[in-house]
2 protein chains.
Amino acid sequence: MTGPATGHEADRTGLPDVGGKDAPQARRPRVQKNVTTALGLDICSERYPVGSVLPRESDLCEMYGVSRTVVRESLKILATKGLLHSRPRVGTVVCDKAEWNLLDAQILEWMGPRIQDLDLLGCILETRRTVEPVAAEFAAERASVQEIADLEAAWTRMRDAGTDTEAFTRADVQFHEILLKASHNQVFRQLSSIIHAGLMYSLHRSNEVIDHRDEALAIHRDLVEALRLRDKAAARAASHRMLDTAVRDLAPALRGRRQDADGA
Amino acid sequence: MTGPATGHEADRTGLPDVGGKDAPQARRPRVQKNVTTALGLDICSERYPVGSVLPRESDLCEMYGVSRTVVRESLKILATKGLLHSRPRVGTVVCDKAEWNLLDAQILEWMGPRIQDLDLLGCILETRRTVEPVAAEFAAERASVQEIADLEAAWTRMRDAGTDTEAFTRADVQFHEILLKASHNQVFRQLSSIIHAGLMYSLHRSNEVIDHRDEALAIHRDLVEALRLRDKAAARAASHRMLDTAVRDLAPALRGRRQDADGA
DNA sequence: TCCTGTATTCGTCATACTATTTTTGAATTA
DNA sequence: TAATTCAAAAATAGTATGACGAATACAGGA
């Protein structure tokens with residue numbers, strides 16, 4: 001009531017956005033989300049390395065200028081994603097990366113370019129080569145007309161992107177996500193997030209070369225055509241060709257994939 | 001345990017008052033976890049169908065006899081898993097199943113036998129047929145000696161299970177999880193949970209037939225041998241044979257997989 | 001060496017207040 | 001009168017605060 005905007009001078013520092021400035025309606029939208037994101041970024045960027053202990057909850061409250069409720073719920077979210085593990089007296093520790101939910105879209109976003117660590121880019125490419133041709137085959141016999149239309153729409157957006165590499169890549173990623181959905185296999189669809197992340201960091205570069213774009217356009221069109229004709233073999237073949245170009249374009253980025261065959 | 005006890009009036013532990021009987025060491029272990037599990041079960045069992053709104057938080061507090069803190073953090077966990085979505089004034093609604101994180105071990109556990117709905121069993125089998133042979137191939141060239149030893153240990157447990165179908169199935173599932181891990185592909189490893197769930201509900205039946213068990217034992221041994229020899233082709237072949245028997249055994253259970261080609 | 005007590009930290013509870021959004025209903029207009 | 005607009009109200013999740021309980025690592029004594 002009567003908006004006493006003056007109170008709460010609690011300096012909510014640490015958050016990436018707006019500063020103190022007691023501007024007009026300094027509405028604070030989703031404090032929760034901001035804290036979760038800040039902590040998630042700090043963990044994924046190894047600012048809090050694996051095995052390390054986070055500041056205790058009351059300290060985090062001070063650091064971010066929020067209540068313990070918010071901090072705890074944020075920690076709960078991150079724990080659910082496999083990043084953290086809290087225990088009384090010992091504190092909140094960062095889990096081993098093997099427990100991270102790598103298929104979580106937010107984690108992948110927080111990792112950003114670090115996705116190249118951990119062999120993730122290579123793993124994702126292997127996964128695509130394993131799954132996508134099969135998904136294309138399934139889509140050939142199961143895709144709805146609506147889904148095929150959506151695929152074509154994505155293709156059109158690719159074609160019309162012109163010199164906008166960003167837009168081209170976005171449409172390209174959407175194409176692959178629709179394809180996975182059109183496979184009508186729920187497990188495949190769960191892979192959308194990680195393939196999305198992998199594509200975003202690999203397509204962007206290869207799509208900068210105009211020749212590659214034309215080639216990609218042609219192959220994508222072939223795939224849509226194969227789906228329309230319900231031609232499983234052709235769909236699979238088109239997907240294979242697509243991935244061959246991906247392997248070729250990513251070869252330099254994957255230089256020296258490490259073979260950590262030995263136990264740590 | 002597995003107490004169905006889906007009753008909402010469940011006898012929560014230790015009400016604030018009337019604490020009359022201080023039971024043995026039953027204390028109250030993990031109130032949080034209990035509430036989360038109860039809500040998760042109620043959602044996965046469609047007691048709260050997709051699109052329905054849950055009771056408001058204060059009501060849930062009464063129903064489970066816990067504080068709002070616990071209820072909220074439980075809801076937060078379930079929301080992170082994609083089951084729920086909360087908004088002020090409107091309440092907490094159950095998300096569409098397409099948003100559920102099907103690779104989450106807990107969700108799969110909560111679904112229990114309902115895993116047969118939604119075509120999940122079929123999807124999992126398709127995923128196995130797509131991924132496992134490739135994983136076996138990768139494992140042939142990347143598995144550590146320790147991992148191969150672990151695989152053999154699992155195989156030994158299968159062999160020595162005798163008439164204990166439960167133990168045999170458990171070892172069988174472990175075998176496949178180790179195999180995925182040995183592929184040294186982090187994305188493949190994330191599929192462990194769902195393959196685990198799929199196997200638990202399919203192997204158990206097929207392993208009841210003694211002939212199938214002997215056959216399975218032989219094929220699993222062949223796979224281990226192939227890994228030891230670093231023979232990719234043989235590993236892939238063994239995996240394929242394994243899955244062929246799985247398809248054969250599951251055929252009756254998958255009767256009439258529905259082809260929902262149309263958009264719902 | 002083993003045991004016990006203590007300090008620290010997360011886990012839970014309780015209450016109050018804020019923010020957001022749906023709903024309602026009155027005022028306005030065609 | 002009927003439809004429209006807009007502002008006030010009601011309801012619910014979101015946040016803040018403070019207190020206490022429970023679990024456990026650690027230190028000190030037997």
Side-chain angles (χ1 to χ4, degrees), chain A residues 1-12 15 24-39 51-80 83-95, chain B residues 12-19 22-39 52-80 83-95:
Chain A
M1 57 179 72
T2 71
T6 55
H8 311 86
E9 79 292 3
D11 148 71
R12 61 186 100 278
L15 295 192
Q25 68 294 16
R27 37 195 297 212
R28 45 185 162 170
R30 303 195 223 301
V31 180
Q32 166 96 52
K33 204 169 179 178
N34 287 343
V35 175
T36 307
T37 300
L39 285 172
S52 67
V53 147
L54 269 64
R56 61 168 171 275
E57 294 176 353
S58 57
D59 285 345
L60 289 173
C61 294
E62 268 191 59
M63 291 164 64
Y64 292 107
V66 297
S67 71
R68 202 169 151 225
T69 309
V70 170
V71 167
R72 277 189 58 80
E73 292 190 357
S74 290
L75 293 177
K76 219 71 182 177
I77 291 174
L78 296 175
T80 304
L83 295 179
L84 299 174
H85 179 49
S86 296
R87 276 167 44 196
R89 162 71 202 193
V90 61
T92 305
V93 304
V94 179
C95 290
Chain B
R12 49 262 173 218
T13 51
L15 253 294
D17 56 357
V18 244
D22 55 327
Q25 277 64 359
R27 284 293 149 252
R28 56 188 151 167
R30 316 261 179 265
V31 179
Q32 168 94 53
K33 204 168 180 181
N34 289 343
V35 174
T36 307
T37 300
L39 285 172
S52 66
V53 316
L54 271 62
R56 61 163 108 75
E57 294 177 352
S58 57
D59 284 346
L60 289 174
C61 294
E62 266 190 60
M63 291 160 66
Y64 293 105
V66 297
S67 72
R68 204 169 150 223
T69 308
V70 170
V71 166
R72 277 189 58 79
E73 292 189 357
S74 289
L75 293 177
K76 219 71 181 178
I77 290 173
L78 297 175
T80 304
L83 295 179
L84 299 175
H85 178 50
S86 294
R87 275 168 47 200
R89 165 72 201 193
V90 63
T92 304
V93 304
V94 179
C95 290

key: Interatomic distance, Leu60(A) CG vs dA16(D) C1' [rounded to whole Å]   =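 Atom-to-atom, Leu60(A) to dA16(D), this comes out as 16 Å.
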query = Is there a side-chain contact between Leu78(B) and Thr92(B), using heavy atoms and a 4.5 Å cut-off?
reply =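 Sidechains of Thr92(B) and Leu78(B): no contact.
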ask   = Taking only residues two or more places apart in sequence or in another chain, which ones pass side-chain hydrogen bond (donor to acceptor under 3.5 Å, both in side chains) with Ser67(B)?
value =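 Here no residue qualifies.
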inquiry  = Counting runs of three or more consecutive pairs, Watson-Crick or G-U wobble, with each distance below 3.5 Å, where are the stems of DNA chain C?
reply    =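 Runs of three or more consecutive pairs: C:1-30 with D:1-30.
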Minimum side-chain heavy-atom gap Val94(B)-Leu84(B) below 4.5 Å = yes
message = Can you work out whether Val90(A) or Thr69(A) has the more 5'-proximal nearest nucleotide on DNA chain D?
response =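 The residue closer to the strand's 5' end, by nearest nucleotide, is Thr69(A).
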key: Distance, rounded to the nearest Å, where Leu75(B) contributes CG and dT15(D) contributes P   =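 Interatomic distance, CG of Leu75(B) to P of dT15(D): 14 Å.
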request  = Please determine, for the side chain of Glu57(A), which listed nucleotide (dT21(C), dC10(C), dG14(D)) has the closest atom?
outcome  =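 Within the option list, the nearest is dC10(C).
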ask   = Roughly how many Å is it from CZ in Arg87(A) to C1' in dT9(C), rounded to a whole number?
value =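 So the two atoms are 12 Å apart, to the nearest Å.
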key: Ser67(B) (side chain) and dA14(C) (base): donor-acceptor pair under 3.5 Å   =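 A donor-acceptor contact between them is absent.
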key: Heavy-atom check, side chain of Asn34(A) versus side chain of Val66(A), under 4.5 Å   =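 Of all side-chain heavy-atom pairs linking Val66(A) with Asn34(A), none is under 4.5 Å.
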key: Protein-nucleotide distance (Ile77(A), atom CD1; dG14(D), atom P), rounded to Å   = 10 Å
inquiry  = Return the CG to OG distance between Leu54(B) and Ser52(B), rounded to the nearest 0.5 Å.
reply    =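 Leu54(B) atom CG to Ser52(B) atom OG measures 6.0 Å (nearest 0.5 Å).
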ask   = Across the strands shown, which category fits Val70(B) at heavy-atom distances under 4.0 angstrom: base, sugar-phosphate, nothing?
value = sugar-phosphate
ask   = Starting at NZ of Lys33(B) and ending at C1' of dT12(C), how long is that distance when rounded to a whole Å?
value = 17 Å
task = Report yes if a side-chain nitrogen or oxygen of Arg72(B) is closer than 4.0 Å to either non-bridging phosphate oxygen (OP1 or OP2) of dA13(D); otherwise report no.
result = no
key: Given dG14(D), dT24(D), dA16(D), the nucleotide with the shortest approach to the side chain of Arg89(A)   =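 Closest nucleotide to the Arg89(A) side chain: dT24(D).
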query = What is the distance from NE2 of His85(B) to C1' of dT20(C), rounded to the nearest Å?
reply =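 In whole Å, dT20(C) C1' and His85(B) NE2 are 13 Å from each other.
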key: Leu54(A) CG to dT9(C) P, straight-line distance once rounded to whole Å   = 13 Å
5'-most by nearest nucleotide on DNA chain C - Arg56(A) or Pro88(B) =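 This one resolves to Arg56(A).
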request  = List the steps and the verdict of side-chain contact (heavy atoms from CB on, under 4.5 Å) for Leu39(B) and Tyr64(B).
outcome  = CA-CA 10 Å; Leu39(B) 285 172; Tyr64(B) 293 105; 3.8 Å; yes
task = Would you mind reading off the distance between Glu73(B) atom CD and dA13(D) atom C1', rounded to a whole angstrom?
result = 15 Å
query = Do you know the tightest heavy-atom contact between Cys61(A) and Arg68(A)?
reply =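 In terms of heavy atoms, the two residues are closest at SG-CA, 3.3 Å.
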query = Side-chain donor or acceptor of Arg68(A) under 3.5 Å from a matching atom on the base of dG11(C)?
reply =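 Pair found.
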